[in-house]
Amino acid sequence: MLKNAFGKQKLIPVPGSREYMESEGRISAQEKCPSCSRRISELELKENHKVCPECQYHYSMTAWERIELIADDQSFQEFNSGLRSINLLDFPGYNEKLTGAISKTGLNEALITGQCTIGGYPAILGTMDSRFMMASMGSVVGEKVCRAIEKAADLKIPLILCAASGGARMQEGMLSLMQMAKTSAALDKFHEQGLLYISLLTNPTTGGVAASFASLADIILAEPGALIGFAGPRVIKQTISEILPEDFQKAEFMLKHGMVDKIVSRPVLKDMVERLLRLHLGGNNG
Amino acid sequence: MVKRHFDYEEKYRNLQGKFEELQELSRSLQFDLTDEFKLLEEKMKDIRVNKYQNLTAWEKILLSRHSERPTVRDYIEFIFDDWIEMHGDRCYGDDRAMIGGIASIKGIPVTVLGHQKGRGTNENLHTNFGMPHPEGYRKVERLILQAEKFNRPVMTLVDTPGAYPGVGAEERGQAGAIARVLMTLSSLKVPIIAVVTGEGGSGGALALAVSDRLLMLSNSVFSVASAEACASIIWKDAGRAEEMASALRLTAQDIKDLGIADEIVEEPTGGAHKDFENTAQNLQDRLDRNLQELLAIERHELLQQRYTRLRHIGRFQEN
């Protein structure tokens, strides 16, 4: 009894309140910004590239929304979309997880790759979707990253990968860990050819993805507020049992410590990528 | 309840104690049971051998972390001649969880790198339980590039719970430091042989395992993340670590079956610490043989083979 005296009580929405009307479907749904609590309509949010107009909080984006944001209209041609994960280790529950993720997202895997133009410049673009099992990297994600790298090398055009991942896909055991080595090896070959690779780190980029292809770019951009790091903050908290600095492992923290080149907010992201592509014209990049 | 200690030896010792008591008793009673005792002794030995041949994945994890298990430095000192340790990353500091230097094996100079765990609490505090910081991986980067410059083969010994998860490690770029080692090793122009001697934990272990040949001691493990972490993340229940250990397929035999490890180096019954010299001698022979084989391959071909090997890891279906 006493223990709960100061606890939060769950309140029932009062008829007539916004929550009540929303839950009853009487008014259009509004998102409440998780950062500043401002209410934003879905339309407003969409028009503002899923960024809160008040506090610039960057909502998470699906892989297709990200492509829409960066690629020129109608220019994106997906490749290798038919690659699907298999449960090679007979890992308990993995099949169900995959089926659930596929039906939830309409994607075959956590990464979409393809060719497009950005401001008229051709490029290979890959985007990850954190709704798909936290966009963890298993055999398929690793393979698609490698094929995207190889495609860019074949065509001698720049490569842009937008990372968002919790790390290696544990359900594939060591096969998933080895994807770190595989993608890093493919990038080494890519770099030898003098081609441009831009990595965009979005929320979250941690674990095996952070410790492989996402960190091996010529230019590393990050979205404001994105969680970036090797170990997750929960693991670190458990290990050192100290209170962590407030901006710990945020994009701004990583910029301060010299781990990223630039923080770029969504409304100016496409323009930034375009400028970078333009500045790398000539030489080996088209 | 998750079993935390490898207690099989204790049971065996108790059994042996009782056995000796019985022998004493029979002697004092002057009752000759020599034949029966011999039979019983054989049986006990059989049980022990049998047990070690059929360890569960979790028991192998416990054995790979055994407090008496030889450390990387023990192996280096036994296997190599002229070991000269080198220190520091030339940027920030010297990581004691990651050791490296120059040595020779059967007269051939090599660069040797490995994770260093300690024995006992004091040593482990000194070596951070074998969990490197970014400066450890930058030391590796420096020494492997040096090996390439002087055309020295590289040998690595893997034994770590993982790269250290801490504030300083993140501030100094743990992820990038590991990624760069992975990339550099993938095309390093000298032969690379890696051995997992104990615990192969996650990306922090992988950074030393990109190689032309991957050997594993028979009781070593190699895992995407610790069984405890996987159980608590996937099943939200760290208490199911034993079950997770089997699901992850992390024993030396599993890793070989997956096509990731090339050879298993057998340990004596009871584990490497029961007969260190024999284990280290075995390992030396294997390292020597593999090195001879790799040195015979034309360099361009060697790099091609290494790339193909990495590039083809992974299974999926394609429609």
Side-chain angles (χ1 to χ4, degrees), chain A residues 80 82-86 88-93 138-140 142-143 146 167-182 184-189 191-192 206-208 210-216 228-232 235-236 239-240 242 244-245 248-249 253 257-259, chain B residues 131 134 162-167 169-187 200 202-207 209-210 222-225 229-230 233-235 243-244 247-250 254-255 258-261 306-307 309-319:
Chain A
N80 296 317
L83 267 69
R84 293 174 80 131
S85 297
I86 52 174
L88 186 87
L89 304 186
D90 273 326
F91 195 95
S139 295
V140 171
E143 181 67 20
C146 286
R169 185 165 300 169
M170 290 171 282
Q171 289 88 344
E172 291 187 26
M174 274 300 287
L175 289 175
S176 77
L177 192 75
M178 293 304 290
Q179 303 306 311
M180 293 169 65
K182 173 167 139 180
S184 302
L187 276 172
D188 188 70
K189 280 207 181 303
H191 285 305
E192 263 174 39
T206 56
S212 65
F213 69 86
S215 289
L216 295 171
I228 300 162
F230 177 67
V235 177
I236 296 174
T239 314
I240 61 172
E242 272 173 37
L244 303 171
F248 183 60
Q249 291 184 315
F253 173 92
H257 288 283
M259 301 306 152
Chain B
M131 294 187 282
Y164 187 66
V167 176
E170 296 293 328
E171 285 174 343
R172 302 196 288 278
Q174 189 76 289
I178 291 172
R180 273 187 300 280
V181 173
L182 294 174
M183 190 162 79
T184 307
L185 280 173
S186 76
S187 67
S202 196
L206 180 68
V210 175
F222 204 167
S223 181
V224 57
C230 289
I233 294 167
I234 298 181
W235 295 334
E243 196 184 333
M244 180 55 83
L248 283 169
R249 309 287 179 91
L250 45 66
D254 291 329
I255 306 301
L258 287 172
I260 295 167
R306 188 188 307 156
Y307 185 74
R309 182 185 152 86
L310 289 170
R311 182 65 186 82
H312 288 106
I313 293 176
R315 315 278 169 84
F316 48 84
Q317 67 179 57
E318 190 163 10
N319 303 330

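Chain A is the first sequence line, chain B the second, and so forth, proteins listed ahead of strands; every chain is numbered from 1.
- For chain B, the nearby parts of A:Leu89 are the backbone and the side chain; heavy atoms of each come within less than 4.5 Å.
- For B:Ala163, the parts lying under 4.5 angstrom from a heavy atom of chain A are both the backbone and the side chain.
- Taking NE2 from A:His257 and CD1 from A:Ile228, the interatomic distance works out to 12.5 Å, rounded to the nearest 0.5 Å.
- In this structure, the side chains of B:Glu170 and B:Tyr164 stay at 4.5 Å or more apart for every pair of heavy atoms.
- The residue among A:Leu83, A:Thr206, A:Val235 with the most heavy atom pairs within less than 4.5 Å of chain B is A:Leu83.
- Top candidate by heavy-atom pairs under 4.5 Å with chain A, chosen from B:Ala175, B:Gly314, B:Gly203, B:Gly200, is B:Ala175.
- Judged by distance alone, with hydrogens and angles left aside, the side-chain atoms of A:Ser176 form a donor-acceptor pair with the main-chain N or O of A:Gly173 at under 3.5 Å.
- Between chain A and the residues B:Ala225, B:Gly204, B:Ala205, B:Ser187, the largest count of heavy-atom pairs under 4.5 Å involves B:Ser187.
- Put simply, of A:Leu216, A:Leu175, A:Val140, the one with the most heavy-atom pairs under 4.5 Å next to chain B is A:Leu216.
- When each of B:Val210, B:Thr184, B:Leu206 is scored by its heavy-atom pairs under 4.5 Å with chain A, the top score falls to B:Leu206.
- When the candidates B:Leu185, B:Leu248, B:Ile178, B:Ile313 are compared by the number of heavy-atom contacts under 4.5 Å with chain A, B:Ile313 comes out ahead.
- The most heavy-atom pairs under 4.5 Å with chain B, out of A:Lys189, A:Arg169, A:Met180, come from A:Lys189.
- Here the CZ-CE distance, from B:Arg172 to A:Met259, works out to 9.0 Å after rounding to the nearest 0.5 Å.
- Of the atoms belonging to A:Phe253, it is side-chain heavy atoms, and not backbone ones, that fall under 4.5 Å from chain B.
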Decide side-chain contact (heavy atoms from CB on, under 4.5 Å) for A:Leu88 and B:Phe316; before the verdict, give the C-alpha distance in whole Å, the side-chain angles of both, and the deciding distance to 0.1 Å.
CA-CA 8 Å; A:Leu88 186 87; B:Phe316 48 84; over 6 Å; no
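- Between B:Arg315 and A:Glu172 there is no salt bridge, since none of the side-chain N atoms of the basic residue sits less than 4.0 Å from a carboxylate O of the acidic one.
- Side chains of A:Gln179 and A:Met174 form no contact here, defined as non-hydrogen atoms less than 4.5 Å apart.
- Ranked by non-hydrogen atom pairs under 4.5 Å with chain B, the options A:Ala168, A:Ser85, A:Gly142, A:Ala186 are led by A:Ala186.
- For the atom pair B:Leu250 CG and B:Ile255 CD1, the distance stands at 6.5 Å (nearest 0.5 Å).
- Residues A:Gln249 and A:Ile236 form a side-chain contact, since some pair of their non-hydrogen atoms from C-beta on lies under 4.5 Å apart.
- For chain A, the nearby parts of B:Val167 are the backbone and the side chain; heavy atoms of each come within less than 4.5 Å.
- Considering only heavy-atom pairs separated by less than 4.5 Å from chain A, the leading option among B:Arg249, B:Arg180, B:Gln174 is B:Arg249.
- Chain A forms the most heavy-atom pairs under 4.5 Å with one residue out of B:Asp254, B:Ile234, B:Val181, B:Leu258, and that residue is B:Ile234.
- Atom-to-atom distance recorded for A:Met178:CE and A:Ser212:OG is 12.0 Å, nearest 0.5 angstrom.
- The contact between B:Phe222 and chain A is made by backbone and side chain atoms together, counting heavy-atom distances below 4.5 Å.
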